[in-house]
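For reference, the structure discussed in these notes is given below.
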Amino acid sequence: MSIRVRFAPSPTGYLHLGGARTALFNWLFAKRKGGTFILRIEDTDKVRSTDEAVLAIIRGLEWLGMNWDEGPKITIDQHKVVIEEVGKHKPYFQMKRLELYRKYAEKLIEDGKAYRCYCLPEELEEMRKKASQEKRPPKYDGRCRSLIGGDENRYIDEGRKPVVRFKTPQEGVTEFEDIVRGKVSFQNNLLDDFVMLKSSGSPIYNFAVVVDDHEMEISHVIRGDDHISNTPRQILLYEALGWKKPQFAHVPMILGSDGSRLSKRHGATSLEYYENEGYLPEAMVNYLALLGWATEDSQQIFDIEELKEKFSLERCAKSAAIFDLQKLLWMNGEYIRKMKPDELTTEALPFIIKENLVQGDTDEEVRQWVENVLTEAISLEQEKIKLLKDIPYLISYMLKEDLENEDYEEEVKEKVLKVSGVKQILSDCRDRLVKLEDFSEEKIEKEVRSYAKESDKKTGKVFHPIRVAVSGRTRGPGLFALLSFLGKEKVLKRIDYTIKNFL
RNA sequence: GGCGCCAUCGUCUAGUCUGGUUUAGGACGCUGCCCUCUCAAGGCAGAGAUCACGGGUUCAAAUCCCGUUGGCGCUACCA
């Protein structure tokens, strides 16, 4: 039997971290087993579902590099976004499948396994209120289970629109073997006759999933463990319809720092936010994979291929995981450090553009500049970059032609420059640097070091003022690489500027 | 309230099924030292877990059994 899994978000907002992690586990499982990964949109909540959310979900999955074999895909046609459905079980939007749910609901009614219920919302509310007063569980009492023709006709004449309820067996136990949790069982008499079809004709989650998972030949249902309590209802439906059940795997949820369900209160939860901050999709995938899954040796860094190879549901944790931004940040730094300079530059470019740091008038000029200047500047700072977003600030002084007063950090002027002897050091070094024909890292280092030695100064005493004079900051790349990168002209200009204005 | 799921350093987790090899291992974060022109990175060291609690079983329990507590979830014409 072929492996088919699905990610089935409801498009009520951006792609959530928890959703992304669930999608990832499904995708990895499919990849590992050579199976099919399907995207299905559960948009039966008409009020909260939006097209933008569908787009955000699709974009998020694409950003992370998870490709799906069946489901809606986005294509751009003459600058217009077009959603095209791909796969043998289309459509993949539940609102386009209403006929199907109605058909199976009808079948269950005919088989005497479901019935129409004409109770009004107010009546149900009343029922629940009474139940809670009498300290009984708020369970629908099944009063419409065996409506006789006359009563039913009366309701219809009143204009009531019925819902369809499932006739939940009131005896026995429903159990299933969960791949991550083992055996889970529920007493049937605790379940009530839940609604399958709303009076509007659209299905309720528990019914729609079953119909779609069956129709789409889903072999493994991998989802958050908030669905564990829904599973018996779904199993009862599979049995009533005479369908083969899929295997279930309930993976632990992702929680916020205080241990409660991850929400805006805990900071950003949308994948898009992390993209905009300059996290790399590879780092995100790696981090998310480790939330609820680990190998025996607790390996931390996995590339995608390795993940596809090693992932297994059996090794998933059972307990919920708290999202830890610190660790994600560390991991992002790890991935940034591993990148080739030109790759990193490509990723950084949108952030550079956003800060208006791009130089060059024609495309060709820009290309040259990126290749000759930008890439070099970024790689000087590569080892300390944690977020792509931080790059513009880190290298801004390297890209500017001239530094101005505000480019020099205030406290730095006081602490480093306005120290006795600094003026002498800077002008001495200037005199030596000006004579250098070859402004290479090695030559500069040799020259500056020998100055320090000859004038009997500690290297730091000499290096530090130069760094500040040339960058306006106390932190930065190795000094000689930096000087060489800037070039003789800029270095001399900046030293002169510093001497003239701050000393 | 009822039912279900879960419970190892602050956090992610390994170890639990198949009890002894564990003075409970790794990673993030934290502290210190080394390297060093700064910041990082790297190296080394350290603090940090009465394995939620209480009972049992056993020569031996983080590991098996029972109970308790806590967290989360479901209990909607939300998904």
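Throughout, a chain's letter reflects where its sequence line sits, starting with A, and its residues are numbered from 1. Just so it is clear, the model here is predicted, and its values are computed rather than measured.
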* **Non-neighbouring partners of A/Glu277 that pass side chain to side chain contact (heavy atoms under 4.5 Å, CB included), sequence neighbours left out** =>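 Scan of A/Glu277 (side chain to side chain contact (heavy atoms under 4.5 Å, CB included), adjacent residues dropped) gives A/Tyr273, A/Tyr279, A/Leu387, A/Lys389.
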
Distance between [atom1] atoms of [N] and [M] (Å, rounded):
N: B/G25; M: B/C9; atom1: C1'; answer: 12 Å
N: B/G2; M: B/G46; atom1: P; answer: 50 Å
N: B/G48; M: B/C37; atom1: C1'; answer: 35 Å
N: B/C64; M: B/C78; atom1: C1'; answer: 42 Å
N: B/G71; M: B/U8; atom1: C1'; answer: 16 Å
N: B/C72; M: B/A52; atom1: C1'; answer: 15 Å
N: B/U16; M: B/A24; atom1: P; answer: 16 Å
N: B/G15; M: B/U57; atom1: C1'; answer: 22 Å

Between [X] and [Y], is there a side-chain N and carboxylate O pair less than 4.0 Å apart?
X: A/Lys183; Y: A/Glu177; answer: no
X: A/Glu99; Y: A/Arg97; answer: no
X: A/Glu106; Y: A/Arg116; answer: yes

For [X], which residues count as a side-chain hydrogen bond (donor to acceptor under 3.5 Å, both in side chains) partner, sequence neighbours excluded?
X: A/Gln382; result: none
X: A/Lys96; result: A/Glu85
X: A/Asp141; result: A/Arg143

What are the residues of [range], sorted by number, that bring a heavy atom to within less than 4.0 Å of RNA chain B?
range: residues 259-271 of chain A; answer: A/Gly259, A/Arg261
range: residues 13-21 of chain A; answer: none
range: residues 285-293 of chain A; answer: A/Leu290, A/Leu291, A/Gly292

In whole Å, what is the span from the [atom1] atom of [X] to the [atom2] atom of [N]?
X: A/Leu329; N: B/C12; atom1: CG; atom2: C1'; value: 15 Å
X: A/Gln94; N: B/A79; atom1: CD; atom2: C1'; value: 9 Å
X: A/Glu123; N: B/A76; atom1: CD; atom2: P; value: 17 Å
X: A/Lys453; N: B/C37; atom1: NZ; atom2: P; value: 14 Å
X: A/Ile254; N: B/C12; atom1: CD1; atom2: C1'; value: 11 Å
X: A/Asp192; N: B/G2; atom1: CG; atom2: C1'; value: 12 Å
X: A/Asn332; N: B/C28; atom1: CG; atom2: P; value: 15 Å
X: A/Lys461; N: B/C37; atom1: NZ; atom2: P; value: 14 Å

Reckon [X] touches a base, only the sugar-phosphate, or nothing at all at heavy-atom distances under 4.0 Å?
X: A/Thr459; value: sugar-phosphate
X: A/Pro477; value: base
X: A/Cys316; value: nothing
X: A/Glu383; value: base
X: A/Arg233; value: sugar-phosphate
X: A/Ser257; value: nothing
X: A/Gln300; value: base
X: A/Asp226; value: sugar-phosphate
X: A/Lys46; value: nothing
X: A/His227; value: base
X: A/Val163; value: base
X: A/Ser10; value: sugar-phosphate

* To do: Report the residue (A/Ala321 or A/Gln326) whose heavy-atom-nearest nucleotide on RNA chain B is the more 5′ of the two.
  =>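 Mapping each residue to its closest nucleotide by heavy atoms, the 5'-most match is A/Ala321.
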
Would you say a side-chain N or O of [X] is under 4.0 Å from OP1 or OP2 of [N]?
X: A/Lys198; N: B/A79; result: yes
X: A/Thr12; N: B/C78; result: no
X: A/Lys386; N: B/A41; result: yes
X: A/Arg449; N: B/C37; result: yes
X: A/Arg315; N: B/G15; result: yes

* Asked: Can A/Arg21 be said to sit on top of A/Phe25's aromatic six-ring, NZ or CZ under 6.0 Å from centre and within 45° of the ring axis?
  ->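 Pair A/Arg21/A/Phe25 counts as cation-pi.
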
* **Sugar-phosphate or base contact per nucleotide [nucleotides 3-10 of chain B; S, B, -; heavy atom under 4.0 Å]** => SSSSS---

* To do: Go along nucleotides 42-54 of chain B 5' to 3' and tag each nucleotide: B for a protein heavy atom under 4.0 Å from its base, S when only backbone or sugar atoms are that close, - otherwise.
  => S------------

For the pair [X] (side chain) and [Y] (backbone), establish whether a donor and an acceptor sit closer than 3.5 Å, ignoring hydrogens and angles.
X: A/Gln170; Y: A/Leu191; result: yes
X: A/His16; Y: A/Gly18; result: yes
X: A/Thr269; Y: A/Lys264; result: no
X: A/Asp43; Y: A/Arg48; result: no
X: A/Arg494; Y: A/Ala469; result: no

* Contacts of type salt bridge (Lys or Arg N to Asp or Glu O under 4.0 Å), residue A/Asp51, not counting sequence neighbours ->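 Not a single residue meets the salt bridge (Lys or Arg N to Asp or Glu O under 4.0 Å) criterion with A/Asp51.
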
* 4.5 Å side-chain heavy-atom contact, A/Phe248 and A/His220 ->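 No. Closest side-chain heavy atoms not under 4.5 Å.
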
* **Sequence neighbours excluded - side chain to side chain donor-acceptor pair (under 3.5 Å) pairs with any residue from residues 457-481 of chain A** =>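 For residues 457-481 of chain A: A/Ser396-A/Arg473.
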
Can I get a per-line list of side-chain donor-acceptor pairs under 3.5 Å for residues 160-167 of chain A, giving both atom names and the distance, sequence neighbours left out?
residue  : atom : partner  : partner atom : Å
A/Arg160 : NE   : A/Glu158 : OE1          : 3.1
A/Arg160 : NH1  : A/Tyr118 : O            : 2.9
A/Arg160 : NH1  : A/Glu123 : OE1          : 3.4
A/Arg160 : NH2  : A/Glu123 : OE2          : 3.4
A/Arg165 : NH1  : A/Asp193 : O            : 2.7
A/Lys167 : NZ   : A/Gly112 : O            : 3.3

